[in-house]
Amino acid sequence: MRHILRETWSGLKRNRAMAFAVMVTMWVSLSLFGVSVLVAEQVDVMKGRWYDKIEISVFLCTKVHGGATDLSANTCEPGQETTPAQRELIQTRLEANPDVQEVLYESKGERFADFQEAYKNSPIKDTFTAEDMQDSFRIKLKDPEQYEGVMNEAVTLPGVQAVQDLHQVLDPLFAALNALVWGARGLAALLIFAAAVQIANTIKLSAFTRRKELGIMRLVGASNSYITLPFVLESLAAAVGAIICSGLTVAALVKFVVIDRAKPFIDTLAWIGWDAAWVAILWIAVTGVALGVIPPLLSTRRYLNV
Amino acid sequence: MITFDDVTAVYPGQPQPALHRVNAEIEKGEFVFLIGSSGSGKSTFMRLIRHEQRPTSGKVYVAGKVLSNLRQWKVPEFRRQIGTVFQDFRLLPGKTVFENVAFAMQVLGKRTSEIKEAVPEVLELVGLTGLEGRRPDEMSGGEQQRVAIARAIINRPKILLADEPTGNLDPATSVGIMRLLDRINRRGATVVMATHDANVVDQMRRRVIELVQGELVRDQQRGVYGAE
């Protein structure tokens, strides 16, 4: 064992520049990989926050809107308000839907009060009256992702003028964010692959310069693990250095960019915190160790077989 | 100890087999010269014994094992029973005599105390006591070959394969090396030596196996280099 460690140490010393280059490559690749994990976590957190706020709004018929064509639904009698009986039926049907958690009724008056509150400093507020508002139901879902069933039911109920849902707004945004996540992942995968190739190549060179020793080792019957171990330890040493550096990089990113800057600056968004950083660091460690072990095993194989 | 049973070895892309239907049996404790010109199949013969290649057909038995049945991961363990010496010595230039010999024990994971005891003993056997601290480039060819022999026998192999061990040495030095190999043989190791060196073969008068273009043409007890 002592001999193996000595071999590893002398290998590292001999290829100091090479080991350093490998470490830097791994550092950059692992850091980017960590960032891709953070981006995915960030998108998840934002999704969770926004989807939590998502409600389906079911607007009821008014005298004004009656008969007007609308995108999502229109079961209104022209010029007629939704009758109390229809309203009750809508409420019971919605409450009976298994995906629905809560149904809240909001009358014209309440809506108007909300509107005036929201635009209290704007001249717009005086151009509308309570009669311009609509009675509506606000529906909270058990699982915000399962909204289609409720919407499809709501549009068929008599007395519903329109069904509106924030998914229509958010889905394209999340599609873009998902593309961002996968782009980051793809780039990270490419860099990690490049790092693996570089490691394999470096170890191959290092084995080539030691081929005489390897030949003698094989001749006297050194076991395969004995021959491979110094190479694995060598690249593992570089990997551990890279894991520490990229762990610190990711931690610094979360601390100085997200927690200290972004969070106070854009308070309305949900931001990732230390737990996300730990997840990223864990992934970095696992990937880094794999990166340190697998390529040298592959590249020294040809020196082991006969 | 070593048996070739109808062994043929063909290298890919070459019409002529390197060995063709060779049968030979080498007993435990024998000293055998393997002679023949370059390309006659001597090296292939040695490689087959070390299991560095597999026969195209036929079977090679070494130390009671059929080599074709040997699992890949068992090969290192198998090779520990065979010591090998080459024409070009194959010493590690950065290491001293002591370190070169000790290397063969270290890579098998032997303890330092064991190594410190065994290396001086074997250096004494090969006649290098006092030169432990030298490096290969500070030594004569004969001395370097002695280091290589010491390394080959330090783990007490049952078989010693010597591939033209005197090929780079002058006649006087060769005699010394042959005496050493003879002594190792008398200690119980089976020795197979491939050689071109007619003087050595004629002086020793040991068993001679002659290969010509891959065919075994002569297997003679107490033989000489040229056929009588």
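Reminder, nothing fancy here: chain letters follow the sequence lines and each chain counts from 1.
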Neighbour count above 12 (heavy atom, 6.0 Å) for [X] [atom1]:
X: B:Lys110; atom1: NZ; result: yes
X: A:Lys142; atom1: NZ; result: yes
X: B:Lys74; atom1: NZ; result: no
X: B:Arg21; atom1: CZ; result: no
X: B:Gln213; atom1: CD; result: no
X: A:Trp274; atom1: CH2; result: yes
X: A:Trp271; atom1: CH2; result: yes

Measure the [atom1]-[atom2] distance between [X] and [Y] for me, rounded to the nearest 0.5 Å.
X: A:Met217; Y: B:Leu108; atom1: CE; atom2: CG; value: 10.0 Å
X: B:Lys95; Y: A:Glu213; atom1: NZ; atom2: CD; value: 5.5 Å
X: A:Ser223; Y: B:Arg80; atom1: OG; atom2: CZ; value: 6.0 Å

Next item on the list: Evaluate the criterion side-chain contact (heavy atoms from CB on, under 4.5 Å) for residue pair B:Arg151 and A:Ile216; output intermediate values, then yes/no.
Entry: CA-CA 10 Å; B:Arg151 184 182 64 196; A:Ile216 292 165; 3.3 Å; yes

Margin query: Determine whether a donor-acceptor pair (N or O, by modelled atom type, separation under 3.5 Å) exists between the side chain of B:Arg79 and the backbone of A:Leu219.
Written below: no

[X] portion near chain A, given a 4.5 angstrom heavy-atom threshold:
X: B:Phe78; answer: neither
X: B:Pro157; answer: neither
X: B:Leu91; answer: backbone

Next item on the list: Assess whether side-chain contact (heavy atoms from CB on, under 4.5 Å) is satisfied between A:Arg218 and B:Val75, documenting all intermediate values.
Entry: CA-CA 9 Å; A:Arg218 248 177 33 204; B:Val75 172; over 6 Å; no

Next item on the list: Search all heavy atoms of A:Ala222 against all heavy atoms of B:Pro76 and return the closest pair with its distance.
Entry: O-CB, 3.5 Å

